[in-house]
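Here's the structure, in structure tokens; my notes come after.
One-based numbering along the sequence shown.
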Amino acid sequence: DSRNIALSRRTVQIYGEIKFQNHSLWDDLQSHACRIDEVKISEQGSFGKATLNKHAENVESFGQVMENAWLGKKLLLAVQANSLITLIDGAMVESLRQTEKAVTVSFTQGNTIEQTLTADLLVACDGQNSPCRKLLDVEASFHDYNQVAIVGVVMTDKPHAHVAIERFNNMGAVAVLPLVDFQGDGSLAQEGYRRSVVWVCKKSEEQRLLADEVHFLATIQQAFGTQAGTFIKAGKRGAYPLVKVLAKRQVVGRCVLMGNASHTLHPVAGQGFNLCMRDADALAKMIERQVLKGEDIADNAMLKIYEKRRKADQKRVELFCDTVVYGFMLQNPLLKVARNVGLLAFDNVPFVKPMVATFAMGLKS
């Protein structure tokens, strides 16, 4: 997996709250996490600039950046080590049935005979093309941005100093984020010449950016200028078509759609994964209260309250992502001036930065 993930402060807190084997999940994750101390924001070819600094906002960091491959490995190991979890891998859901008291799924694994599982509650996190969403007959809206995200790791000749750089252009936003370094002996070092890159391009442009390292490095160098130093090497890169998918409903009887099955958003500013984490955390706490009271964990009234409470945060993030994407794609000269005046105002008007920083860190949900 060539992707990297920017974990908001709230997501880091959630991982810290998940306890198993006498320690928190974050204890297992943090060795490969690189904190973001500062965020620099600007538009390519324009005068507007803004900066968020952790000292000015009085926070430990704005979040942490981690490689998906490491995160996935550690989460899988945590699942396998938990005796309360039965992991059934490589399963394909074939049918789904509900009664007043239970929900049953039928599934296959490879060429095996169809099997069934029955439970009080089903939480379906099975991707933007969710089979469970279709089996529940939940409609979804689809919007193709006609864009592809190129993601991977690059090396620069200048240490990142824990600075994330957001650069806006006519595709919306591109970014380079700090990553931990690896020494020759495999140990970690924090001086940091490795960076995560997220480059958004039009469909049909991705093949050359994937195949031609020299072209890819020259393209991002032109966009970021000297802010990150010289881009000297690029690792394996992946391409991901960008589509917005929004389920019309998230709760159906004893079933809850979550993650990309519920809402797949544009990756600008790295908000989508963190939004899903807040959804999962909210539902887990509501289920916990039901267990402690000895009540049904799939009580429909409770699930509807979950859906209603999470709507505001979800809508706020969706609106923010689309505003950024389309706001910067428009290249009208007057709009460009207005955008850059806005960036300068953001950097100088009191109370604006704390509000934006709180939103970005996922602390207002």
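When all heavy atoms are compared, the tightest approach of Gln128 to Arg133 is O-NH2, 2.7 Å. Ser130 and Leu257 make their closest contact through OG-CD2, 4.3 Å (heavy atoms, listed as atom of the first residue, atom of the second, distance). The nearest pair of heavy atoms linking Leu7 to Phe273 is CD2-CE2, 3.6 Å. Residues Arg254 and Ala298 come closest through the heavy atom pair NH1-CB, 3.2 Å. Across every non-hydrogen atom of Ala81 and Gln21, the tightest pair is CB-NE2, 3.5 Å. Nearest approach of Ala6 to Asn274, heavy atoms of both residues: O-ND2, 2.9 Å.
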Query raised in the report: What's the verdict on salt bridge (Lys or Arg N to Asp or Glu O under 4.0 Å) for Arg249 and Glu307, showing C-alpha distance, side-chain angles and the deciding distance?
Result: CA-CA 9 Å; Arg249 291 183 292 164; Glu307 183 178 34; over 6 Å; no
Requested in this report: Test side-chain contact (heavy atoms from CB on, under 4.5 Å) on Leu71 and His32 and set out the steps.
Outcome: CA-CA 9 Å; Leu71 178 61; His32 282 55; over 6 Å; no
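Grouping the Ile, Leu, Val, Met, Phe, Trp and Tyr side chains by contacts below 4.5 angstrom, directly or via other members, places Ile36 with Val268. By the rule that hydrophobic residues join a cluster once side-chain heavy atoms approach within less than 4.5 Å of another member, Val154 and Phe224 end up as members of one cluster.
Counting only heavy atoms from C-beta outward, the side chains of Leu77 and Gln80 approach each other to under 4.5 Å. In this structure, the side chains of Asp281 and Arg10 come closer than 4.5 Å at one or more pairs of heavy atoms. The shortest side-chain heavy-atom distance between Glu17 and Ser24 does not fall under the 4.5 Å cut-off. A heavy-atom distance below 4.5 Å is found between the side chains of Arg195 and Thr156. Using a 4.5 Å cut-off on side-chain heavy atoms (C-beta onward), Val93 and Leu135 make contact. Residues His266 and Gln147 meet the side-chain proximity criterion, which asks for heavy atoms closer than 4.5 Å. Taking 4.5 Å as the limit, every side-chain heavy atom of Lys244 sits out of range of all side-chain heavy atoms of Ser141. Annotation: side chain of Asp322 is in contact with side chain of Tyr145 (closest heavy-atom distance under 4.5 Å).
A side chain to side chain contact (heavy atoms under 4.5 Å, CB included) with Gln250 holds for exactly one of Lys304, Met258, Lys308, Lys311; it is Lys311.
Residues satisfying the side chain to side chain contact (heavy atoms under 4.5 Å, CB included) criterion with Gln115, sequence neighbours excluded, are Phe107, Gln109, Thr112. Under the side chain to side chain contact (heavy atoms under 4.5 Å, CB included) criterion, Ala102 pairs with Thr99, Thr118, not counting sequence neighbours. With sequence neighbours left out, the side chain to side chain contact (heavy atoms under 4.5 Å, CB included) criterion links His215 to Arg208, Leu209, Asp212, Thr219.
In this structure, Trp26 and Tyr15 have parallel ring planes: the angle between them is below the 30° cut-off, well short of the 60° mark.
Under 3.5 Å, the side chains of His263 and Asp279 contain a donor-acceptor pair of N or O atoms.
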